[in-house]
Student: 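Quick one: this structure, given as structure tokens, is what I'll be asking you about.
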Amino acid sequence: MLRVLTRLMFVTACGAMTSLMPLAAIAQSPAPATDKITFKQSDAGVAVLIGGEPFTFLNLGPEWAKPFLSSVRAADGSIVTRAVGDPEDKDHPHHKGIWFSIDEVNEVKFWAEAGKILNVKVEAVEGNPGRIKLKNHWLGAEELPIVIETTTISIFPSRLIIYDATFTAAVEKVTFGDTKEGLFGIRIATTMREKVGGVVVNAEGKNGTKECWGRPSKWVDYSGPVGGKTYGVAMMDHPANFRPSRYHVRDYGLFSVSPFGEGAYQEDKAKSQPVTLEGGKSLQLRYGLCVHTGDAAEGKVAAVYEQFLTSTK
């Protein structure tokens, strides 16, 4: 089934694009046909259902500074993301569910929500996987786009989410500054945080946020309890990205991955490597996120990562 909601029609010229490995269906195990991804669209956004049961909601309403997914549920319905506006956890109100933004884009701080990322088009295609195709304007001065983001969010019954994003410069020059505040992020449930007993590991065997923060890795997993049961979220970097990404993973529940912080993540300004796109030129990025039951071993994160790598369109 194909459903399309257009918020604004616009025309833009696109230049050459960096090529990435294509995408295909990925699942931790074969899923029955009844577990296909379906959607319910409204002016507020897109509800995502797996086998008819709620998984998450893509918020696109004009009251928000950026698109984001919340609340995100494990297979039994337990919510693994912090509630938006949680009164018991007031830090960093711009950390909302799962999101895609970064600071210092032509000096505009989109991560901190000082700049607005406006959704102008959304298309939801049901199936296994289901796909949500977005076109977003990253607005600069006079509310004109400086970056045009086109993203496909592929969602699988196994609760694997893949972001395929393309940034295209909408002005003469766009510079992504060297910052730790970005790019593909999730704010996990307050009970899962490392500071209250959560566990963080990466693909290379590092343990804890202190060892995993600022390092490149194939994947990092953050697990902890919700309602007395353990759940986890794994984030995955794709080797076809233009450089290895580094992880911004904190004991208070922030968890993100970005290629735009070589100096910031190594705490050495001499290693800063800003990225500049000339007008009309594009850059593609791919990341994965998997919600699972149990810790990284029980969630078979290493196996899911291998499936992520071998996907084809």
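Only heavy atoms go into these numbers, but all of them, side chains included; no hydrogens, no water, no symmetry mates.
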Student: Could you list the donor-acceptor pairs under 3.5 angstrom formed by side chains in residues 249-261, with sequence neighbours left out?
Tutor:
| unit_1 | atom_1 | unit_2 | atom_2 | d |
| --- | --- | --- | --- | --- |
| Ser256 | OG | Gly182 | O | 3.0 |
| Ser258 | OG | Phe260 | N | 3.1 |

Student: Check side chain to side chain donor-acceptor pair (under 3.5 Å) between Asn59 and all other residues, then give those that pass, not counting sequence neighbours.
Tutor: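 Counting only residues at least two positions away or on another chain, Asn59 forms a side chain to side chain donor-acceptor pair (under 3.5 Å) with Ser70.
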Student: Val147 and Ala170: which non-hydrogen atoms are nearest, and at how many Å?
Tutor: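 Minimum heavy-atom separation between Val147 and Ala170: N-CB, 4.2 Å.
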Student: For Leu69 versus Tyr163, what's the shortest heavy-atom pair and its separation?
Tutor: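 Of all heavy-atom pairs spanning Leu69 and Tyr163, the closest is CD1-OH, 3.8 Å.
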Student: Count the heavy atoms of every other residue, nucleotide or ligand shown that sit under 6.0 Å from CD of Glu142, and state whether that count exceeds 12.
Tutor: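 Open.
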Student: With a sphere of 6.0 Å drawn around NZ of Lys133, does it hold more than 12 non-hydrogen atoms of other residues, nucleotides or ligands?
Tutor: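 No, NZ of Lys133 has 12 or fewer neighbouring heavy atoms, counting only those of other groups under 6.0 Å.
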Student: So which of Val233, Thr190, Ile186 actually passes side-chain contact (heavy atoms from CB on, under 4.5 Å) with Thr81?
Tutor: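 Testing each of Val233, Thr190, Ile186 against Thr81, the sole residue satisfying side-chain contact (heavy atoms from CB on, under 4.5 Å) is Ile186.
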Student: Between Gln284 and Asp164, is there a side-chain heavy-atom distance shorter than 4.5 Å?
Tutor: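 Side chain of Asp164 against side chain of Gln284, heavy atoms only: no contact under 4.5 Å found.
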Student: What pairs with Lys109 under side chain to side chain donor-acceptor pair (under 3.5 Å), at least two apart in sequence or on another chain?
Tutor: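 Lys109 satisfies side chain to side chain donor-acceptor pair (under 3.5 Å) with Glu104 once adjacent residues are dropped.
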Student: Which label fits His95 and His92: parallel for a plane angle under 30°, tilted from 30 to 60°, or perpendicular past 60°?
Tutor: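 Correct class here is parallel.
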Student: Which atom pair, heavy atoms only, marks the closest approach of Arg187 to Trp99?
Tutor: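 Closest approach of Arg187 to Trp99, heavy atoms only: N-CZ3, 3.5 Å.
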Student: Who else is in Leu49's hydrophobic cluster (ILVMFWY, side-chain heavy atoms under 4.5 Å, direct or via others)?
Tutor: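 Listed partners: none, Leu49 stands alone.
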Student: To the nearest 0.5 Å, how far apart are NZ in Lys36 and CZ in Phe156?
Tutor: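 One finds 15.5 Å between NZ of Lys36 and CZ of Phe156.
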Student: Please name the pair of heavy atoms, one in Trp111 and one in Ser101, separated by the smallest distance, quoted to 0.1 Å.
Tutor: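 Taking Trp111 first and Ser101 second, the nearest heavy atoms are CE3-O, 3.2 Å.
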Student: Looking at Glu107, I'd like to know if its CD atom is crowded, meaning that more than 12 non-hydrogen atoms belonging to other residues, nucleotides or ligands lie closer than 6.0 Å.
Tutor: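 No, not enclosed.
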Student: Give me the atom names and distance for the closest heavy-atom approach of Ala124 to Gln41.
Tutor: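 Heavy atoms only, the tightest pair is CB-OE1, 3.2 Å.
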Student: Under the side chain to side chain donor-acceptor pair (under 3.5 Å) test, which residues partner Ser272, sequence neighbours left out?
Tutor: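 Listed in chain order: nothing, the list is empty.
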Student: Atom CG in Asp237, atom CZ in Arg286: separation rounded to 0.5 Å?
Tutor: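 Here the rounded value is 11.5 Å.
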Student: What residues, two or more places apart in sequence or in another chain, satisfy side chain to side chain donor-acceptor pair (under 3.5 Å) together with Asn202?
Tutor: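 If we apply the side chain to side chain donor-acceptor pair (under 3.5 Å) test to Asn202, skipping adjacent residues, there are no hits.
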Student: Is the distance between the ring centroids of Phe167 and Phe100 under 6.0 Å?
Tutor: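 Yes.
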Student: Distance from Trp213 atom CH2 to Lys180 atom NZ, nearest 0.5 Å?
Tutor: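 The distance works out to 7.0 Å.
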Student: From Tyr265 OH over to Arg215 CZ, what is the distance, rounded to the nearest 0.5 angstrom?
Tutor: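 Between atom OH of Tyr265 and atom CZ of Arg215 there are 14.5 Å.
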Student: Between Val108 and Gly115, what is the shortest heavy-atom contact and its length?
Tutor: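 Minimum heavy-atom contact is CG1-CA, 3.7 Å.
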Student: Between Tyr231 and Asp76, is there a side-chain donor-acceptor contact under 3.5 Å, judged purely by atom types and distance?
Tutor: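 Side chains of Asp76 and Tyr231: pair found under 3.5 Å.
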Student: Ignoring hydrogens and angles, state whether a donor on the side chain of Glu149 or Thr151 is under 3.5 Å from an acceptor on the partner side chain.
Tutor: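 There is such a pair between these side chains.
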Student: Hey, are Glu262 and Arg246 close enough for a salt bridge, meaning a charged N less than 4.0 Å from a carboxylate O?
Tutor: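 Arg246 and Glu262: salt-bridged.
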Student: How many angstroms lie between NE2 in His292 and NZ in Lys300, if you round to the nearest 0.5 Å?
Tutor: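 Going from the NE2 atom of His292 to the NZ atom of Lys300 covers 11.0 Å.
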Student: Calculate, to the nearest 0.5 Å, the distance between atoms CG and CD1 belonging to Leu289 and Ile98 respectively.
Tutor: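 Atom-to-atom, Leu289:CG and Ile98:CD1 are 4.5 Å apart.
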